Amino acid sequence: MRTAFKKLYDLGLIYRGERIVNWDPVGQTTISDEEVVYRETTGTFYYFKYGPFTIATARPETKFRDKYLVMHPDDERYAEYQHGDTLSIEWIDGPVEATILKDEIVDPTFGTGVMTITPWHSQEDFDLAEKYHLEKEPIIGLDGRLLPVAGQFAGQTIEEAREKIVAKLEEKGLLVKREENYVHQLATASAPAASSSPRFSNSGSSPSIRNSNQVAGKQRSKHSCIRPCARRKLPSCPNASRKTISIGSTICVTGASHARSGSGTAFRFGNRGEEVFVGLEAPEDTGWEQDPDTLDTWFSSGLWTFSTLGWPEKTADLETYHPTTLLETGYDILFFWVARMILFSECLLGEVPFKTVYLHGLVRDDQGRKLSKSLGNAVDPLEVIEVYGTDALRLALTSGTTPGNDVRLSDQKIEANRNFANKLWNIARYAASAKAETPEAKSLADRFILEALDETILTVTQALENYQLSIAIETLRAFTWDDFADWYIEIHKLEKNDGVLRHVLDTLLRLWHPFMPFVTEALFQQSNDEDGALLMGSRWPQAQKTAPDSARADFEVLRHLVTEIRNLRATYHLNPKTTLSYTLTGDAAPLLTEQAALIEKLVSAELVQSASDAPAIKLVHGRFEAAVFLPSDFDRSAERARLEKEQANLTRFHQSLAARLENSDFTKQAPEAVVAAQRNSLAETEEKLEKLSRSIHDLSA
RNA sequence: GGAUGAUUAGCUCAGCUGGUUAGAGCGUUCGAUUCACAUUCGAAAGGUCACUGGUUCGAGUCCAGUAUCAUCCACCA
């Protein structure tokens, strides 16, 4: 930090000068601009007679020495007064000599269009005073009390003095009116360290950083130092855009940081009378006094990317890890932290510290409130972990999120993710009894799960490369729970293929590892105990993709039949133990016949060759038609309603497809693949509709 | 005052360069039961994608405007 400070000082980027700073009279310290928050406050707005003018103010106690009147040059009401005119005015302690200034900074529509200025206690007034070389005089002391200039009010606090001063002006007939309920923004310190009393602007001598054109210019020349990894724009932030980062004019770098960055000895900035010394070590001769100011906490934070790697030493770590690829942080400190890291790194090392910034949202509570100490809604990660586990918390924070959007964290959400971690654990427990074999697809289910696994690998890999965590997790979750656990493992109980089972699980552990490092590592250790290798260091899976998909489509047919039969059972409250029978026709009949034994075990439904006399329900699919025989007392009208609902759905779909395909603009301009797919879809839909209407007809017969 | 984001199922949120009937989790309803897992299994219901225009053969997706909410920045005597 000392090195950085000295270098910036030598470059003329850090200097000491008089500026308006935020002064905390209780903490006896300046507050960095970044640590000031504005709270909406309701107060009184006073109008006073000031010579021929009326002026308005919320802070009458600062007005003792006001002797400059400012108005807009084009304000017709005051056209008779010229810039530089002087006039004698009766004021708080007798007559003052006032000077007229004309400046465009004044908003003619606010108040009376005339204001007096108090250079020492207002940024805008300070700027005006600098512009016209006016005298600047403090009215309020560093202890928050009025100075001797306030005459009879000297030594009083702002709160004590305000109404007394107003009363005195009223006695003198100078109070025009008061407006209650004047809403304005009061500057207060965000750090709770000192006190919650209001701060006020006070001019003082304080080291500041000048954000020179040199730094900003360099930044622009390199551009693209931040690549947002979402399609969104960067959140608002002054001077921050996709291409350039700079910090507004000048920032005050000292502040109330005793509690944060330790001590006043962080940098060497000494004074001996008018002399100034800046160095890495204290000067050897005597008479120097160390500057008591401390640096704002963001100063050291800005050095973080390289100071943590050993800079200013030329360490191996610095060589290897700087600049890095990705910085991940919350959008709320983009301006405070990220911008400073870039500027400091550019200036001191000549390089941008990272290529991409992943900006995550803020964690909020289940009511959408920001976590805060005063609300008491802060979440202690250790407590959550104690109850639900580390991976559950991690998944809850990463799933269903998108860069830059806030995350509501609720017990329900963490619990859902804990349940998933538990599911994965149980899957592995089931697989633990499987023998280690070379994975080789034997059945339809084997081919299906391997093809689906390949697809999952591709999707997850691509999603991660694009920072789409939500898509990666959702894809993995669906494959793991729906395809693997609920279908493949259930089938594995009937047709064992240990090699495939273990291969899929092993691949899944690798894919899940970034999101659930602890559970996956533990499971990996259990199944690979021989060489002690870590999952963390193992290879990311590659898709095999040897043959074009076919098993997935076939398996979907099987899955559809099974689901439909289960659906029938649920609809008609059929005893799950009763074995149903069904017949099959259609393209996929041979395929399904081959799988009949499996289907029978999955849904207790037996394939028969010829129709029985029992009432049948037709299950209609694009590739098959099944007749399922039910007990004679099933509810025909319910079935009819079910079929008619599906018919209505399909008809609507059919109409939209047909309309689209009849539109010659569509068939001419849309890509061929899209048109072909929709033609195909239309044909399938027509076939289904035909089967459906036959079923409905049969049911009525 | 300036800027940005959000608005999709009861709730919390995904939805990439526009392309078939809109997705998940939780919750709800109906059913199952101890099999790796009740921290479970099967099934179902539930949405005019805030509103109004525009671009396009085609819009949740792109553009403009409006409304509401949130956040950041700047702050007025």
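All figures in this text were calculated on a predicted structure; none of them were measured in a lab. Order of the sequence lines sets the chain letters (A, B, ...), proteins ahead of strands, with each chain counted from 1.
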Query raised in the report: Are A/Phe420 and A/Trp512 close enough that their ring centers fall under 6.0 Å?
Result: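 Yes: the rings meet the under 6.0 Å criterion.
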Requested in this report: Check whether the ring centres of A/Tyr81 and A/Phe53 lie less than 6.0 Å apart, and answer yes or no.
Outcome: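 Yes, close enough.
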With distance as the sole criterion, is a donor-acceptor pair present between the side chains of [X] and [Y] under 3.5 Å?
X        : Y        : result
A/Arg660 : A/Asn663 : no
A/Asp498 : A/His492 : yes
A/Asp103 : A/Tyr132 : yes
A/Asn567 : A/Thr563 : no

So that I can tick it off, tell me whether [Y] and [X] are bridged by a salt bridge, with the cut-off set at under 4.0 angstrom between side-chain N and carboxylate O.
X        : Y        : answer
A/Asp411 : A/Arg418 : no
A/Arg178 : A/Glu180 : yes
A/Asp406 : A/Arg364 : yes
A/Asp391 : A/Arg394 : no

**Report entry** Distance (rounded to the nearest 0.5 Å) between A/Phe484 CZ and A/Leu476 CG
**Finding:**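 Output value for this atom pair is 12.5 Å.
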Query raised in the report: How far does CG of A/Asn405 sit from OG1 of A/Thr401, to the nearest 0.5 angstrom?
Result: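 Here the rounded value is 8.5 Å.
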Report task. Check the angle between the aromatic planes of A/Phe48 and A/Trp91 and answer parallel, tilted or perpendicular using the 30° and 60° thresholds. Result ->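 Answer is perpendicular, since the angle exceeds 60°.
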Would you measure the distance from the [atom1] atom in [N] across to the matching atom in [M] and give it in whole Å?
N     : M     : atom1 : answer
B/U68 : B/A77 : P     : 26 Å
B/U8  : B/G2  : P     : 27 Å
B/G65 : B/G27 : P     : 42 Å
B/G5  : B/U17 : P     : 14 Å
B/A24 : B/C35 : P     : 30 Å
B/C49 : B/G19 : P     : 16 Å
B/G10 : B/U29 : P     : 16 Å
B/C57 : B/C13 : P     : 37 Å

Using whole Å, what does the distance between atom [atom2] of nucleotide [N] and atom [atom1] of [X] come to?
X        : N     : atom1 : atom2 : value
A/Ile55  : B/C76 : CD1   : C1'   : 14 Å
A/His560 : B/A43 : NE2   : P     : 12 Å
A/Arg559 : B/C41 : CZ    : C1'   : 15 Å
A/Leu661 : B/G58 : CG    : C1'   : 12 Å
A/Arg408 : B/C69 : CZ    : P     : 15 Å
A/Asp391 : B/U39 : CG    : C1'   : 15 Å
A/Leu101 : B/A77 : CG    : P     : 19 Å
A/Met516 : B/U39 : CE    : C1'   : 12 Å

Only pairs with both distances under 3.5 Å count, Watson-Crick or wobble alike; so what is the partner of [N] in this structure?
N     : answer
B/C69 : B/G5
B/G42 : B/C30
B/A74 : none
B/A64 : B/U52
B/G19 : B/C57
B/G25 : B/C11

Select base, sugar-phosphate, or nothing to describe what [X] touches, counting heavy atoms under 4.0 Å on all strands.
X        : value
A/Ser399 : nothing
A/Ser681 : base
A/Leu682 : nothing
A/Arg418 : base
A/Gln669 : base

Listing time: all N or O pairs from protein to nucleotides 34-36 of chain B that are below 3.5 Å?
residue	atom	partner	partner atom	Å
B/A36	O2'	A/Asn426	OD1	2.9
B/A36	N7	A/Lys493	NZ	3.2
B/A36	N6	A/Glu490	OE2	3.1
B/A36	N3	A/Asn426	O	3.0

Query - Any A/Ser656 side-chain N or O less than 4.0 Å from OP1/OP2 of B/U21 - result: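 The answer is yes; a side-chain N or O of A/Ser656 sits under 4.0 Å from OP1 or OP2.
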Query raised in the report: Do the side-chain N or O atoms of A/Thr402 get closer than 4.0 angstrom to the phosphate oxygens (OP1, OP2) of B/C13?
Result: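 Answer is no, no contact under 4.0 Å.
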What's the closest nucleotide to the side chain of [X] if the choices are [options]?
X        : options             : result
A/Ala670 : B/C57, B/U21, B/A77 : B/C57
A/Val106 : B/A77, B/U12, B/U71 : B/A77
A/Arg660 : B/U20, B/A77, B/A14 : B/U20
A/Phe45  : B/C57, B/A14, B/A77 : B/A77
A/Asn422 : B/U39, B/G42, B/U20 : B/U39

Report task. By nearest nucleotide on RNA chain B, pick out whichever of A/Thr116 and A/Arg364 is the more 5' one. Result ->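 The residue mapped nearer the 5' terminus is A/Arg364.
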**Report entry** Most 5' of A/Asn663 and A/Gly113 on RNA chain B, judged by nearest nucleotide
**Finding:**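 Upstream on the strand: A/Asn663.
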Requested in this report: If a protein heavy atom is under 4.0 Å from the base, mark B; if only from the sugar-phosphate, S; if neither, -; do that for nucleotides 23-32 of chain B going 5' to 3'.
Outcome: -SSS---S--
